[in-house]
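All remarks here apply to the structure that follows.
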2 protein chains.
Amino acid sequence: MSLRHALLGLLSERPASGYDLLKRFETSLANVWPATQSQMYGELTKLAAAGLISVSAEGPRGRKEYTLTDEGLAELRHWLTETKPQRNTRSDILLRVFFLGVLPPEQASAYLTGLMELSEQEYEDLRALEQSIDWGEDTLSVHGRIALEYGLRFNAMRRDWARWAAAQLG
Amino acid sequence: MSLRHALLGLLSERPASGYDLLKRFETSLANVWPATQSQMYGELTKLAAAGLISVSAEGPRGRKEYTLTDEGLAELRHWLTETKPQRNTRSDILLRVFFLGVLPPEQASAYLTGLMELSEQEYEDLRALEQSIDWGEDTLSVHGRIALEYGLRFNAMRRDWARWAAAQLG
DNA sequence: TTCCGCATGTAAAATGTTACATGATTTC
DNA sequence: GAAATCATGTAACATTTTACATGCGGAA
């Protein structure tokens, strides 16, 4: 149930509408916790009903601005400190590796080279994202940068691994 | 819909019952694609109904041994070559990093040190798994070893990153 | 004969995806 | 006035998790 906490986390910075949160997801959290528009509006309604956030202002076109309540902040802190992060596994990419044996060798190699290229590409995309963001000294910037560094290191690691793996098969 | 393909993949090696597959998951695929017992039995029934696998033998206690059909193998190959792997994101661990700012500094640091230790631990667990497996020259062994190497590199990367991140905050 | 492991299944709830549906406001 | 963007929502479906439910066979 982490979408809940992702929303609480974003609202801990400043109040926002569902639409605002949707936009902020795209450039930050989408990389670690994708969510659809449907899901977000639904979850916001539930969070408001549970008293973890509240409608603090209404604007044009039915816009509803949500603000984190004290209960919401407490829940966010509780989640961060008292609950264990579950290891994230489920990787379609890696699952496929197990079964490369059913393909002719050249297709198996092609898959791994594809992963190398994918990793290079994602690395470059993250670099571009890094450049495009106006990093400040605020907490989101500091932690966002740390998460981004993770992405860079991850893709570098994966590229090297895919190269090594392709060599193993060859 | 990859559980489907995970099962087809395992059956491509050799026929097995739901229970067998459950056991095999635990020591291999569970790391990249966790699935519960409920889910597996349900999926096997659907796969059989779709003709991608068939019951090739029945044993004591209602045991049903499934064998991959030609259609199943074709579907597995199709999945591997014609469909793009979706990038696996959704990381609870990384999501939390974004919001460490709501915690007092020592708790934020503690989280990162915890990640370092977790990564060390998982690295050791994978090493132990590596030792415990009787690696052969079969295709599962070759590809399983490649996936395992990924896990080792991943955890080493994450440990270093967490150390770096803790230093950033301090 | 009692326990452990083998063996399969169903039901309910939570979560996530895709598609549809609607309409207001701003900008060109 | 048209197009883009802002803005929210519902419905159907697929997937995943958790819990319950049952019973056989082998070994000590």
Side-chain angles (χ1 to χ4, degrees), chain A residues 1-8 10-11 15-27 29-50 53 55-66 79 83-92 95, chain B residues 1-8 10-11 15-27 29-50 53-66 79 83-84 86-92 95:
Chain A
M1 239 220 304
S2 286
L3 173 59
R4 201 181 187 85
H5 299 108
L7 294 172
L8 293 176
L10 283 181
L11 288 171
S17 69
Y19 193 83
D20 293 340
L21 293 168
L22 207 55
K23 295 295 145 189
R24 308 235 329 256
F25 251 73
E26 280 168 18
T27 48
L29 297 189
N31 292 297
V32 302
W33 203 271
T36 59
Q37 176 256 36
S38 283
Q39 221 187 329
M40 283 185 45
Y41 282 112
E43 195 62 43
L44 285 170
T45 306
K46 281 186 217 159
L47 282 168
I53 63 179
V55 177
S56 51
E58 307 209 17
R61 279 164 295 197
R63 182 177 203 272
K64 282 185 281 186
E65 191 181 71
Y66 292 101
W79 172 66
T83 68
K84 249 190 261 181
Q86 329 160 225
R87 17 183 279 144
N88 152 55
T89 36
R90 207 157 274 147
S91 162
D92 188 1
L95 178 60
Chain B
M1 243 221 302
S2 286
L3 172 59
R4 200 182 187 85
H5 300 108
L7 293 172
L8 292 176
L10 282 181
L11 288 172
S17 68
Y19 192 84
D20 292 340
L21 293 168
L22 207 56
K23 296 295 145 189
R24 308 233 331 253
F25 251 73
E26 279 168 20
T27 47
L29 296 189
N31 293 298
V32 303
W33 203 270
T36 59
Q37 176 257 36
S38 284
Q39 220 186 330
M40 283 184 45
Y41 282 111
E43 196 61 44
L44 285 170
T45 306
K46 281 187 217 159
L47 282 168
I53 63 179
S54 67
V55 177
S56 52
E58 308 210 16
R61 280 163 296 195
R63 182 176 204 273
K64 282 184 282 187
E65 192 180 70
Y66 293 101
W79 171 67
T83 68
K84 250 190 263 183
Q86 330 160 222
R87 15 182 279 143
N88 151 56
T89 37
R90 208 157 274 148
S91 162
D92 188 0
L95 178 61

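Proteins get letters first, then strands, A, B, ... in listed order; numbering begins at 1 in each.
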**Report entry** A:Thr36 and A:Phe25, any side-chain heavy atoms less than 4.5 Å apart
**Finding:** no
Report task. Find the distance A:Gln86:CD to D:dT16:P and express it as a whole number of Å. Result -> 14 Å
Query - Nearest-Å distance for atom pair CG/P, residues B:Leu3 and D:dT15 - result: 10 Å
Report task. With rounding to the nearest 0.5 Å, note down the distance linking NZ in B:Lys64 to CG in B:Asp20. Result -> 13.5 Å
Query - Sub-4.5 Å side-chain heavy-atom contact between B:Gln37 and B:Met40 - result: no
Query - Separation of D:dA21 C1' from B:Tyr41 OH (nearest whole Å) - result: 14 Å
Query raised in the report: Hey, does B:Ser38 reach any base, or is it just sugar-phosphate, or nothing, if we go heavy atoms under 4.0 Å?
Result: base
Query raised in the report: Rounded to the Å, how far apart are A:Gln37 CD and D:dT5 P?
Result: 16 Å
Could you pull out the protein-nucleic contacts involving nucleotides 22-28 of chain D (nitrogen or oxygen on both sides, under 3.5 Å)?
none

**Report entry** First of B:Gln39 and B:Lys23 reached from the 5' end of DNA chain C, by closest nucleotide
**Finding:** B:Lys23
Requested in this report: Quickly work out the A:Glu65 CD to D:dA7 P distance and round it to whole Å.
Outcome: 10 Å
Requested in this report: Give the minimum heavy-atom separation between B:Val32 and A:Leu95, together with the two atoms involved.
Outcome: CG2-CA, 4.0 Å
**Report entry** Interatomic distance where CG belongs to A:Leu44 and P belongs to D:dA7 [whole Å]
**Finding:** 14 Å
Query raised in the report: At under 4.0 Å between heavy atoms, what does B:Arg90 touch on the DNA or RNA strands: base, sugar-phosphate, or nothing?
Result: sugar-phosphate
Report summary line: When every non-hydrogen atom of A:Ser2 is compared with those of B:Asp92, the smallest separation belongs to OG-OD1, 3.7 Å
Query raised in the report: Please give, in whole Å, the distance from D:dT15 P to B:Leu47 CG?
Result: 11 Å
**Report entry** Boundaries of the DNA chain C segment in contact with chain A, non-hydrogen, under 4.0 Å
**Finding:** C:dT15 to C:dT25
Query raised in the report: Taking the nucleotide of DNA chain C with the closest heavy atom to each, which residue, B:Ser17 or A:Glu43, is nearer the 5' end?
Result: B:Ser17
Report summary line: When every non-hydrogen atom of A:Leu3 is compared with those of A:Ala35, the smallest separation belongs to CD1-CB, 3.8 Å
Query raised in the report: Around A:Gln39, counting heavy atoms of other residues, nucleotides and ligands shown, do more than 12 lie under 6.0 Å from its CD?
Result: yes
